[in-house]
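Below is one structure, written out as structure tokens; comments come after it.
To find a chain, count down the sequence lines: A is the first, B the second, and so on, and within it residues start at 1.
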Amino acid sequence: MFFDDLKESAAMAVDTLRANKLRSSLTILGVAIGVITVTFMVSIIQGLNRAFAEQIEALGSNTVWASKFDPSFGRPPSSENLHRKDLTVADAEAIRRESQFALSVSPLYRQLAATLRYADKQTETPILFGVTPYYEMTHSSYVGRGRFISDADLANASNVCVLGVDAVRALFPFEEPLDKELKIDGKPFRVIGVMEPLGNFFGQSRDNSVFMPLTTFEKYHPDYTPPEIVFVIVLRPKTRADVAALVDEITDILRRRRRVPAGAPPNFGVSTQDSLLDFYNQLTGATALVLTAVSFVALMIGGIGVMNIMLVSVTERTREIGIRKAVGATRANILWQFLIEAVVLTAIGGAVGLAVGEAASLLMNRYSPLPAFVPLWAVVVGLGISAAVGIIFGLWPAWKAARLDPIEALRYE
Amino acid sequence: MSNVILAAPPQTAALDHGDLLAHDAVPASLISMRDIWKTYQMGAEEVHALRGVEFDVHKGEYLAIIGPSGSGKSTLMNLIGCLDTPTRGRYWINGKLVSEMNDDELARIRNQEVGFVFQTFNLLARASALHNVELPLIYAGVGSAERHEKARQSLTAVDLADRMMHRPNELSGGQRQRVAIARALVNHPSILLADEPTGALDSATSHEIMNLFERLHAEGNTIIVVTHEPDIAARAHRIISIRDGHIERDERTK
Ligand SMILES: Nc1ncnc2c1ncn2[C@@H]1O[C@H](COP(=O)(O)OP(=O)(O)O)[C@@H](O)[C@H]1O
Ligand SMILES: [Mg+2]
């Protein structure tokens, strides 16, 4: 019986659509835009979240970074920051000796770009790292083939290197890279390993890197200047719970070693993933708020369109409502019929919106560095929202229709 | 959902209701009106469209209501058909006190007990004849196979078997009115009401429709027709004349 109501209402809805093609299309468009907006916003936030979660995961979820200044997102460091005394490998050794909370300590040099050359092939983009054997464990980034840099390599400052897969792709597209001789910034190196691929982050490859022993790096760069080359000590706490304790501990050690007077601000920076997380949360929190507001407004506009067309539909069908009531339709029958009509309208809008939103996020993934992702629940929520818009904005017109007096409705011209 | 409400039989409830409220016994006749008033508020002025109407209609009667324009015929018909409620007075159909019923109960009475034929047909313009006739069955909660069959039978009974898929605008006035009659009869109501059913038709078609009414009466239907045409009234077996909202004459002619 309810099913008959449904069929009757669906027929009414199709009638409305057919009789007022332009108006219905505009209404559907309104709802579609609302749902597109919501889908698109959700997909962006979801994409960012997912990419970030992956990144955090890949970075080893809870590392602590010590360098001569705090990382500043976007802003260049001040000159006071730049002129501070550098941290040293000796600092890293001291931390390794004294720390109770550090599981591993990985001092490293990072050079923004190095030129790698092999035979007639060359690449200028890889990031060059001077590292110790502790790098792998600290960063949860492991060698895939061959071997990583060893204590012997470090002691001998040998000219060996481990390549990220991007460098392999650029220099050895058809050749086995292991044991080949290549040039890094003009110096000869032997390839001893290839790292496991890490994938992308915000469209940026994380595999475009090359590693050499820290001592070898020092051999070729007795002096260095940020930001082209920086020295960082990366630490991994024994457990997630030790992060705060570890930060306090190494702050103490470094203050002592760098002779920072009690009460003075530290002349170095210690940061955790949490500071990155904080930054990220600030960013996405604000974005999500704006996106939510925009979505809400878009849905309101769609909903008002629905209410408008339903009010018109009720007025135009006054006589029809009279006829239906005259042959026995109850208030509930009429209410349902108009509600379902509204929901059919918005559901079509919702489906159109989801399809367009999904397509847009696929395009975005493909052609822009911003990751986008429409999770299944967003499809369900999108259809749910459009149905809810139909019910909320269709309720008043449907209630108006249901309350019509049969005699007055029949008399309506 | 609402049809679930419809499907639950309110008859017994309405009967109890009637018994409790009635000072006299529940009438045995099909229709029974007692001191029915209908008053419209026109600004500060009160218009009494009906002033204390009382009459009974028995099963199988063929009754005409006549009277000058504005005398209250349509008002009375709308009350009989439960499209409207009286300002005062009591009204029973089949022993059910409908004057005390709420909206949904009245909807059920309109659906089950009454078939209404209007001067202007009142068909759904965008629906086929068949669908128009099915409409009361939809609200009665009849399943679609049975509904199709009943609607087809009803249309066949008014000689429209070959026009079932036509829309109203593809039918002549007389055909439209026959669709409306088929719709009124499809649920086998206790009473068939027609308010100036030939008012929008030419005289040949009018006769055709009145012949149909005569046949339906012969088949056992109870019929009330409002008209201001004497020759149409003359076909009925009883004539009630209304003037200024009350019954002036009530006479049996056959
Ligand atoms: N909705 C209404 N509001 C006010 N007055 C009405 C209304 N309906 C009918 N009337 C008045 O009630 C009286 C009877 O009307 P009606 O029953 O339509 O007469 P008839 O059908 O006999 O021509 C008329 O005076 C008419 O103006
Ligand atoms: Mg009239």
Closest contact, heavy atoms only, L83(B) versus I407(A)
O-CG1, 3.6 Å
Can you check whether R324(A) reaches I138(B) side chain to side chain, under 4.5 Å on heavy atoms?
no
Could you grab the distance from atom CG of L410(A) to atom CZ of F118(B), nearest 0.5 Å is fine?
5.0 Å
What part of R317(A) lies closer than 4.5 angstrom to a heavy atom of chain B: side chain, backbone, both or neither?
side chain
Which one of N187(B), L106(B), D103(B) has the most heavy-atom pairs closer than 4.5 Å to chain A?
D103(B)
Using the rule given for side-chain contact (heavy atoms from CB on, under 4.5 Å), can you reason through R331(A) versus N102(B), listing the C-alpha separation, both sets of side-chain angles and the distance that settles it, and then say yes or no?
CA-CA 11 Å; R331(A) 287 182 178 201; N102(B) 67 24; over 6 Å; no
Atom OH of Y40(B) with >12 non-hydrogen neighbours under 6.0 angstrom
yes
Search all heavy atoms of A329(A) against all heavy atoms of A107(B) and return the closest pair with its distance.
O-CB, 3.7 Å
Donor-acceptor pair between R319(A) and T120(B) side chains, under 3.5 angstrom:
yes
Please classify the contact between N122(B) and chain A as side chain, backbone, both or neither, with a heavy-atom cut-off of under 4.5 Å.
both
Nearest heavy-atom pair of L123(B) and I323(A): which atoms, and what distance?
O-CD1, 3.7 Å
CD/E219(B): more than 12 non-hydrogen atoms of other groups inside 6.0 Å
yes
